Amino acid sequence: MNCPFCGGPTRVVDSRPSDDGAAIRRRRRCERCGQRFTTYETIEQGPLWVVKKDGRRELFKREKLLGGLLLACEKRPVPPERLERLATEIETRLRARGEREVPSRAIGELAIEGLREIDAVAYVRFASVYRDFEDVERFREEVDRLLGRAPGPGR
């Protein structure tokens, strides 16, 4: 691999597994200018298509999923690295299905499931948008379910 700074030849200084073994992280050093940089080696995978509610298809974009997770966790004590790991776990689970197309609903459910374990407020935020809560009662029902309480009489 050539150096991104000067175009000179590089050599690998350190190599180790990354992302739970899904990638190899390599530290490289340019033999000409001495700059150091990191590269990641991953398996090239075919495209994964998302089938939307209205039947449209679009390419799966991990960045879009991560953006939704970050938005749900805004101003919450959740490290961004944890959300990046969740996005990777979701993509891995989707690809493990062995299907080229996945319904958007499956992605949303995996995100909700993951957020439920990370942060209750982020979980309710994401669920409210994803499941299209229309009123406060729907929020109450979801919080009751989260807390393990079935809605009582009159609710």
Side-chain angles (χ1 to χ4, degrees), residues 1 4-5 10 12-28 35-152 155:
M1 172 170 271
F5 304 102
T10 63
V12 175
V13 178
D14 181 46
S15 187
R16 64 181 64 171
S18 177
D19 289 336
D20 297 328
I24 301 292
R25 177 185 180 272
R26 299 193 194 282
R27 283 294 290 161
R28 295 178 180 270
Q35 287 281 357
R36 290 177 176 252
F37 61 98
T38 303
T39 60
Y40 292 90
E41 181 179 315
T42 61
I43 296 172
E44 187 173 356
Q45 298 178 336
L48 183 62
W49 292 92
V50 177
V51 181
K52 308 296 258 178
K53 290 178 189 176
D54 64 5
R56 288 181 301 116
R57 286 166 172 65
E58 65 180 47
L59 279 175
F60 173 79
K61 293 182 182 128
R62 184 179 177 280
E63 303 79 33
K64 186 174 178 180
L65 170 61
L66 184 57
L69 297 173
L70 287 166
L71 190 59
C73 292
E74 192 171 324
K75 297 184 182 181
R76 299 295 305 152
V78 178
E81 299 81 28
R82 180 62 187 103
L83 298 178
E84 288 177 23
R85 201 165 52 245
L86 176 59
T88 299
E89 291 167 10
I90 291 170
E91 183 176 6
T92 300
R93 287 179 66 180
L94 293 171
R95 290 189 180 279
R97 297 170 107 183
E99 301 167 2
R100 296 186 85 140
E101 294 184 347
V102 295
S104 59
R105 183 155 211 77
I107 298 168
E109 291 301 326
L110 288 172
I112 287 173
E113 181 182 305
L115 285 173
R116 185 176 189 154
E117 295 173 19
I118 294 171
D119 186 87
V121 172
Y123 161 80
V124 174
R125 284 178 179 170
F126 193 92
S128 72
V129 173
Y130 178 72
R131 293 185 176 149
D132 198 25
F133 291 3
E134 293 183 12
D135 56 30
V136 176
E137 189 58 35
R138 227 5 223 118
F139 275 95
R140 182 191 317 259
E141 289 169 8
E142 197 63 39
V143 170
D144 285 345
R145 187 174 13 261
L146 179 64
L147 297 173
R149 300 186 304 228
R155 279 191 175 169

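No experiment lies behind these values; they were computed from the predicted model shown.
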Inset, instruction - Any chance you could measure Ile112, atom CD1, to Ser128, atom OG, to the nearest 0.5 Å? - result: 9.0 Å

Inset, instruction - Considering non-hydrogen atoms only, spot the tightest contact between Ala111 and Leu69 and give its length. - result: CB-CD2, 4.0 Å

Inset, instruction - Drop me the distance from Thr39's OG1 to Met1's CE, to the nearest 0.5 angstrom. - result: 5.5 Å

Inset, instruction - Would you tell me whether Thr88 and Arg62 have side-chain atoms, one donor and one acceptor, within less than 3.5 Å of each other? - result: yes

Legend entry - Side-chain ion pair, Arg116 and Glu113, N-O less than 4.0 Å: no

Legend entry - Spatial distance of atom CZ (Arg125) from atom SG (Cys73) [nearest 0.5 Å]: 8.0 Å

Inset, instruction - Mind checking the CZ-CZ spacing from Arg16 to Arg27? Nearest 0.5 Å is all I need. - result: 10.0 Å

Inset, instruction - Find out whether Phe60 and Leu94 are in side-chain contact, i.e. whether some heavy atom of one side chain is under 4.5 Å from a heavy atom of the other. - result: yes

Legend entry - Non-hydrogen atoms of Val12 and Arg28 that approach each other most closely: CG2-NH1, 3.5 Å

Inset, instruction - Scan Leu70, Ile118, Leu86 and name whichever one has a side chain to side chain contact (heavy atoms under 4.5 Å, CB included) with Val78. - result: Ile118

Inset, instruction - Could you grab the distance from atom CG of Asp144 to atom CD of Glu137, nearest 0.5 Å is fine? - result: 8.5 Å

Inset, instruction - Decide, yes or no, whether a salt bridge links Arg56 with Asp54 under the criterion of side-chain N to carboxylate O below 4.0 Å. - result: yes

Inset, instruction - Specify the closest pair of heavy atoms between Ala106 and Arg97, including all atoms of both residues, with the distance to one decimal. - result: CB-NH1, 3.5 Å

Legend entry - Nearest atoms (heavy-atom pairs only) where Ala122 meets Leu115: O-CD1, 4.0 Å

Inset, instruction - Can you see which heavy atom on Arg36 is nearest to which on Phe5, and at what distance? - result: O-CE1, 4.2 Å

Inset, instruction - Kindly give the heavy-atom pair with the smallest separation between Phe126 and Gly108, and that separation in Å. - result: CE2-O, 3.9 Å

Inset, instruction - Please check if the side chain of Arg95 supplies one atom and the backbone of Arg93 the other of a donor-acceptor pair under 3.5 Å. - result: no

Legend entry - Nearest-0.5 Å distance, CD1 of residue Ile90 to CG of residue Leu83: 9.5 Å

Legend entry - Minimum side-chain heavy-atom gap Pro77-Asp119 below 4.5 Å: yes

Legend entry - Contact check, side chains of Trp49 and Leu59, non-hydrogen atoms, under 4.5 Å: yes

